[in-house]
Amino acid sequence: MNNREMADTFEAVANLMEIKGEAIYRILAYRRAAEALRGLGRDVSAIWEAGELEDIPGVGKAIAGKIDEMIRSDRLEFYEKLASEIPPGLIELLKVDGIGPKKVAQFWKEGGITSLEELESAAKEGKLRSLSGMGPKSEQKIIDGIQALKSRSTERSLLSSAWDTAQKIISEMNKVKGVERIEPAGSLRRYRETIGDLDLLIASDYPSQVMDTFVALPLVERVLGKGDTKTSVELVDGMRVQLWVHPPERFGSAWQFATGSQAHNVQLREIALKKDLSLSEHGYKRDDGSELLCRKESDVYEALDLAWIPPELREGKGEIAKAQNADFSDLVTLNDLRGELHAHTTWSDGKASIEEMAQAAIGLGMEYLVISDHSRSLGIANGLSIERLMEQRAEIGEVQKTLGKKIHILHGSEVEIMSDGTLDFPDEILEQLDIVIASLHASLKQSRKQVTLRLLNTIRNPHVDIIGHLTGRLINRRDPADLDVEAIFKEGATHNVVFEINANAERLDLKDSHARMALDFGCTLAINTDAHHPDHFNFRHFGVGTARRAAAPAQSILNTWVFKDLEAWLKHR
DNA sequence: GCCGTTTTCGGCCCGACTGTTTTCAGTCG
């Protein structure tokens, strides 16, 4: 069993225990453990081999024992026993909006309901209203909820599409009278790679008017709940949005709260309690009932003697401890980026010429741009033959002459890592290029051993400067290659090879946890858009967000370096 | 079930919204 399968098993255990009515804190412990496994970033079996399972936060003796059992025997007896006691269809009921474990247990024990279908017909036939706490409105909510569950996709949205939707709502709501400020919050602000619900926060003294305007937006399909401080809706495209409204003098605490993560907030509130302060979205309350309001978000952290924590790090994974004696001012920002190291043109599958891409880069204030079209074997992307590669070199020279000192254009290539582990161009060609990015596009499904070996071979080639989108994953569409990432980063650090964080929201590859691991191994990273169009340079902030989630300092990112330093590094290699 | 800069036992964040049981439980984030 791998990390994800074990996490899923613990999640299932928690759900079953909840329906069974077990003690809530036992259940939360399994949830926390599942969460910890998901965000681990390294193979849990490696930690197991080192005998360090209990060093994972949220994993104690009992859960470590269960992980051990799953690693050894590929199953968990505790789970199997629970599953045998509870009808399997009940888990599905938890997915219906507004239905939690208590209701599921009630439907099962008092109504004999064991599946979604049975629940739906019971609701339609009006049989649920006889149960205590249930009425006609609850029945209708269940019918609607099941309908919504069937139609909505189970996938979380790509960061980019959530971002676009948020921008639309923000620009609409900014026009509304009484809206002083509107900001994204939640996982969007934390730059998680996928987004479940969209969270937005408005500062206003007129909450009811703001909410009325919000639910009337053409984008809104239906209202799930509406109050003066919190309203949730479903948009026409199925995405769900939660909007909070708080007065400006409480904006800081409200934004901190709405940004999360839940784990981060819980930890923060526990620290507050030790200082006799109770923290909520409204601000701090002292024991005597007096309040401490936070207009700015930094006020929330300051009250606890903590440095302001960048949203990207608020996952409850040690960032609060760090904020007690350090700040995060060295974290990379969008402004730190000085150039783009991975861009395509019409020479292969890009949509703009070398000059058009260069002009766009100049417009964004970039100091340098690497043109890195695909290599010959990638026929589907019109990869360049050696002859065309040489012709391209001439055109780059001409464009450079035209643009003069406005930007440095480098000649690179995104060279295919072939399925046998060789590269698509011979060494004597590679050495003529200013910079070489090596990427996997094909044979991603080879065995872990095979793909890992391909990458290790590539890293050992002295002409390779950067590994592009390491795992080849496309979020929600294509699984990552199965790789021994630890071995790869170790080798990369030895050979001074740079790993790309591909900023395209479909890739975000390296992902945050891999980027963090690469940094731990001492690797340098790059934030590349892989632009196929001038507009794609705007993807940079997704890459920056991912790097920040990995706590990457600006210095650790190759393309924050001034051109002179980049040039020196390339020469020295 | 986990965890400890007051604890190895006794805690474990806090509030909004909904529907229903006229005072609150369940769900959600």
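Proteins come first, then strands; the chains are lettered A, B, ... in the order of their sequence lines, and each starts at number 1.
A:E92 and A:K95 are joined by a salt bridge, as a carboxylate oxygen and a charged side-chain nitrogen come within less than 4.0 angstrom of each other. Using a cutoff of 4.0 Å between basic side-chain nitrogens and carboxylate oxygens, A:K150 and A:E120 are scored as salt-bridged. Salt-bridge check for A:K490 with A:D520: failed, with every basic side-chain N at 4.0 Å or more from each acidic carboxylate O.
In this structure, B:dT7 shows a glycosidic angle within 90 degrees of zero, which is the syn conformation.
Listed pair A:S278 / B:dC14 meets the phosphate criterion, a side-chain N or O lying under 4.0 Å from OP1 or OP2. An OP1 or OP2 oxygen of B:dC13 is reached within less than 4.0 angstrom by no side-chain nitrogen or oxygen of A:R269. Contact check, A:Y30 against B:dG1: a side-chain N or O comes under 4.0 Å of OP1 or OP2. A sub-4.0 Å separation between OP1 or OP2 of B:dT18 and a side-chain N or O of A:S138 is absent. Regarding contacts with the backbone of B:dG15, a side-chain N or O of A:K285 is found under 4.0 angstrom from either OP1 or OP2. Residue A:H264 places no side-chain N or O under 4.0 Å from the OP1 or OP2 atom of B:dC13.
The separation of B:dG19 from B:dT23, taken at their C1' atoms, amounts to 13 Å, rounded to a whole angstrom. When the P atom is compared between B:dG1 and B:dT5, the two are found 23 Å apart, to the nearest whole Å. Rounded to the nearest Å, the gap between the C1' atom of B:dT27 and that of B:dT20 is 14 Å. Atom C1' of B:dT7 sits at a distance of 9 Å from the matching atom of B:dG11, rounded to the whole Å. Distance check on atom C1': B:dT8 versus B:dC14 gives 28 Å, rounded to whole Å. For B:dT6 and B:dC12, the P atoms lie 16 Å apart once the distance is rounded to whole Å. Using atom P as the reference point in both B:dC13 and B:dG4, the two lie 14 Å apart (nearest Å).
Rounded to a whole Å, the NZ atom of A:K230 is 7 Å from the P atom of B:dG29. Look at CG on A:L28: it is 9 Å from P on B:dC13, rounded to the nearest Å. Rounded to whole Å, the distance from CD on A:Q242 to P on B:dC17 is 11 Å. For the pair A:F257 CZ and B:dA16 C1', the computed distance is 8 Å after rounding to whole Å. Here B:dC3 presents its C1' atom at 14 Å from CD1 of A:I271, a figure rounded to the nearest Å. Atom NZ of A:K103 is separated from atom P of B:dG26 by 7 Å (rounded to the nearest Å). Remark: C1' of B:dG1 and NZ of A:K66 are 9 Å apart, rounded to the nearest angstrom. To the nearest angstrom, P of B:dC28 lies 11 Å from CG of A:D197.
For A:R32, the listed nucleotide lying nearest its side chain is B:dG1; candidates were B:dA16, B:dC13, B:dG1. Checked against B:dT20, B:dG1, B:dT18, the side chain of A:P136 finds its nearest nucleotide in B:dT20.
The aromatic ring of A:Y25 sits over the base of B:dC12, with ring centres less than 5.5 Å apart and planes inclined by under 30°.
In this structure, A:E270 and A:G100 both approach DNA chain B, and ranking their closest nucleotides by distance from the 5' end singles out A:E270. Each of A:M134 and A:E281 was assigned the nucleotide of DNA chain B with the nearest heavy atom; the assignment lying further toward the 5' end belongs to A:E281.
Distance CD1/A:I320 to OH/A:Y301: 7.0 Å, rounded to 0.5 Å.
Under the 30°/60° scheme for interplanar angles, the aromatic rings of A:F78 and A:Y30 are found to lie parallel.
Side-chain atoms of A:K275 and A:Y284 form no donor-acceptor pair, as typed in the model, at a separation below 3.5 Å. In summary, the side chains of A:R192 and A:S187 do not present any donor paired with an acceptor at a separation below 3.5 Å, with no hydrogens or angles considered.
Using Watson-Crick or G-U wobble geometry with both donor-acceptor distances under 3.5 Å, B:dG19 finds its partner in B:dC24.
In this structure, A:L268 reaches neither bases nor backbone, as no heavy-atom distance under 4.0 Å exists between it and the strands shown. Counting any heavy atom pair closer than 4.0 Å across all strands shown, A:L273 reaches sugar-phosphate atoms only and no base atom.
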